[in-house]
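Computed over heavy atoms, backbone and side chain alike; hydrogens, waters and symmetry mates excluded. We number each residue from 1, following the sequence as shown.
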Amino acid sequence: MVRCGCALLRKYGNFIDNLRIFTKGGSGGMGYPRLGGEGGRGGDVWVVAHKNMTLKQLKNKYPQKRFVAGGGANSRVSALKGSKGKDCEVPAPVGVSVTDENGEVLGELNKEKDRILVAKGGLGGKLHTNFLPLKGQKRIIHLDLKVIADVGLVGFPNAGKSSLLSRVSHATPVIASYAFTTLRPELGKIMYNDFKQISVADLPGLIEGAHMNKGMGHKFLKHLERTRQLLFVVDISGFQLSSVTPYRTAFETIILLTKELELYKEELQTKPALLAVNKMDLPDAQVKLHELMKQLQKPEDFLHLFEAKMIPEKAIEFQHIIPISAVTGEGIEELKNCIRESLDEQDDKENDAFHNKQLLSLQRSGSAS
């Protein structure tokens, strides 16, 4: 851990964002036909939210990824009703969505101690089963981590997102001058002197057509759904994915990124957003920045340059626009302060909304009595 300016910076490595596991409810216990005794029901398998658990820890602790509940006790003379088998718990992080093999959502873990039943135990032997026990439910489930960070970095490949993450948090993502160096989400945390922590996720680079699952499209966009805010990162000199794809200016990049978010899920556009204009150390960067700011102030004056299908229904309004250089460090401290300020404002709004909701509920209950 090192000190830098206003914040302590801590390194976080790659993390696992989904896990496939086998679950099986316990078998029921044998009945006792001569005395009409019932066998105990098999134990159930539950996925339970734990505050400090990660999917990586879960995989390391249970490498076989098999969770089987205990069997129900057999009926016997001294205990005609057999006891229930022991339940099995799968410890999972908060923010996990649980689905079965068919993609059906079984539930979500939104807060600590939330529980989802994923495999039921079998019935114990009784009269209508000929006193023979039933086997427990078998189910393969997927734990899908969608809540990953306060801030998600949005940008085309090679916009400098990985370099920026290493600047603000001392995470160590792979950095190179070619597209798609980030193939898995990379997480860093900004540690402020008052112990405030803000998590920042560098996500796989977006490309045009991501909403149709081109490139790593859906995987990328899924993660953005549960970041609290978006930080757009654009290269001031523009972007070209390859020699056979069109060159895009910084302004075009912003418009196209906005359109991709809109086509995938319109709600993404309602998240608070900031814009980091990167690579300000390059020649002519100031001239290009002046042009970009002019375009962002009146985007409608420049939309005639785009095909109709590329124009978003609604432009994203950035709370802050910060010119930076992830290479030289220019603007990084200002960016960290803006991220903090924006999240504090969001916290205040959410707290006010919660208190207003409580007050309205109290007023309604008072008038009803």
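With a 4.5 Å cut-off on side-chain heavy atoms, K138 and F22 count as touching. The closest side-chain heavy-atom distance from L257 to I254 is not below 4.5 Å. Between E330 and I324, the closest side-chain pair of non-hydrogen atoms is not below 4.5 Å. Contact check for L55 versus P93: side-chain heavy atoms found under the 4.5 Å cut-off. Taking 4.5 Å as the limit, every side-chain heavy atom of V118 sits out of range of all side-chain heavy atoms of F67. With a 4.5 Å cut-off on side-chain heavy atoms, V200 and L231 do not count as touching. Put simply, the side chain of N337 does not reach to within 4.5 Å of the side chain of E334, judged on heavy atoms. At least one side-chain heavy atom of L296 sits under 4.5 Å from a side-chain heavy atom of L275.
Clustering ILVMFWY residues whenever any of their side-chain heavy atoms sit less than 4.5 angstrom apart, transitively, puts V48 in a cluster other than the one holding L109. W46 and M53 fall into different hydrophobic clusters, where Ile, Leu, Val, Met, Phe, Trp and Tyr are joined by side-chain heavy atoms under 4.5 Å apart, directly or via other members. L117 and V105 are members of different hydrophobic clusters when ILVMFWY side chains are connected at heavy-atom separations under 4.5 Å. A continuous path of hydrophobic side-chain contacts links F318 to V154 [ILVMFWY only; heavy atoms under 4.5 Å]. I140 and V68 fall within the same hydrophobic cluster, defined by Ile, Leu, Val, Met, Phe, Trp and Tyr side-chain heavy atoms under 4.5 Å apart, directly or through other members.
Side chain of Q295 to backbone of F302: no donor-acceptor contact under 3.5 angstrom is found. Proximity of a side-chain donor or acceptor of D114 to a complementary backbone N or O of K111 within less than 3.5 Å is detected. Using modelled atom types, one side-chain atom of S75 and one backbone atom of L80 make a donor-acceptor pair closer than 3.5 Å. Under a 3.5 Å cut-off, the side chain of T270 and the backbone N or O of E267 do form a donor-acceptor pair. With N102 contributing its side chain and E104 its backbone, the two residues share no donor-acceptor pair below 3.5 Å. Side chain of T227 to backbone of V151: no donor-acceptor contact under 3.5 angstrom is found. Checked by atom type and distance alone, the side chain of N278 pairs as donor or acceptor with a backbone atom of A326 at under 3.5 Å. With Q269 contributing its side chain and K314 its backbone, the two residues share a donor-acceptor pair below 3.5 Å.
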As a quick check of understanding, evaluate side chain to side chain contact (heavy atoms under 4.5 Å, CB included) for Y192 and I198, giving each step before the final call. CA-CA 8 Å; Y192 292 87; I198 292 175; 3.6 Å; yes
Under the side chain to side chain contact (heavy atoms under 4.5 Å, CB included) rule, what do D344 and E341 come out as? Steps first, then yes or no, please. CA-CA 5 Å; D344 284 347; E341 183 183 322; 5.8 Å; no
When you look at L164 and L335, which way does the side chain to side chain contact (heavy atoms under 4.5 Å, CB included) test go after all the steps? CA-CA 10 Å; L164 175 58; L335 175 61; 3.6 Å; yes
Derivation of the side chain to side chain contact (heavy atoms under 4.5 Å, CB included) call for R228 and E350: CA-CA 12 Å; R228 297 184 64 206; E350 287 174 358; 3.2 Å; yes
Evaluate the salt bridge (charged side-chain N to carboxylate O under 4.0 Å, His left out) criterion for residues D194 and R340: first the C-alpha distance (whole Å), next the side-chain angles of each, then the deciding distance (0.1 Å), finally the verdict. CA-CA 12 Å; D194 61 354; R340 171 75 183 266; 2.6 Å; yes
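The shortest heavy-atom contact between C88 and A69 is CB-CA, 3.8 Å. Nearest heavy atoms, T23 versus A119: OG1-CB, 3.7 Å. Nearest heavy-atom pair, A285 versus K279, reported as atom, atom and distance to 0.1 Å: CB-O, 4.1 Å. Looking at every heavy atom in both residues, G124 comes nearest to T129 through O-OG1, 4.2 Å. The two residues E108 and I116 have their closest heavy-atom pair at N-CD1, 3.5 Å. Closest approach of D100 and R139 over heavy atoms only: CB-NE, 4.3 Å.
Counting non-hydrogen atoms of other residues, nucleotides and ligands closer than 6.0 Å to CG of N130 gives a total of 12 or fewer. The 12-atom threshold is exceeded at CD of E101, counting heavy atoms of other residues, nucleotides or ligands nearer than 6.0 Å. The neighbour count for E291 CD, taken as heavy atoms of other residues, nucleotides or ligands under 6.0 Å away, is above 12. Atom NZ of K271 sits in a crowded spot, with more than 12 heavy atoms from other residues, nucleotides or ligands closer than 6.0 Å. The environment of CD in Q358 is crowded: more than 12 heavy-atom neighbours from other residues, nucleotides or ligands sit within 6.0 Å. When the shell of 6.0 Å around CZ of R115 is examined, it contains more than 12 heavy atoms from other residues, nucleotides or ligands. Environment of CD in Q64: sparse, with no more than 12 heavy atoms of neighbouring residues, nucleotides or ligands closer than 6.0 Å.
To the nearest 0.5 Å, the span separating OG1 on T258 from CE on M310 amounts to 11.5 Å. Note that CD1 of I141 is 12.0 Å distant from NZ of K65, once rounded to the nearest 0.5 Å. K113 NZ to K51 NZ: the interatomic distance, rounded to the nearest 0.5 Å, is 11.0 Å. Note that the CZ atom of R248 and the CZ atom of F306 stand 8.0 Å from one another [nearest 0.5 Å]. Annotation: the span from N74 atom CG to E38 atom CD amounts to 13.5 Å, rounded to 0.5 Å. Separation of atoms CZ (R76) and CE (M30) is listed at 14.0 Å; rounding is to 0.5 Å.
Of the listed residues (K24, K84, K120), just one forms a salt bridge (charged side-chain N to carboxylate O under 4.0 Å, His left out) with D44, and that residue is K84.
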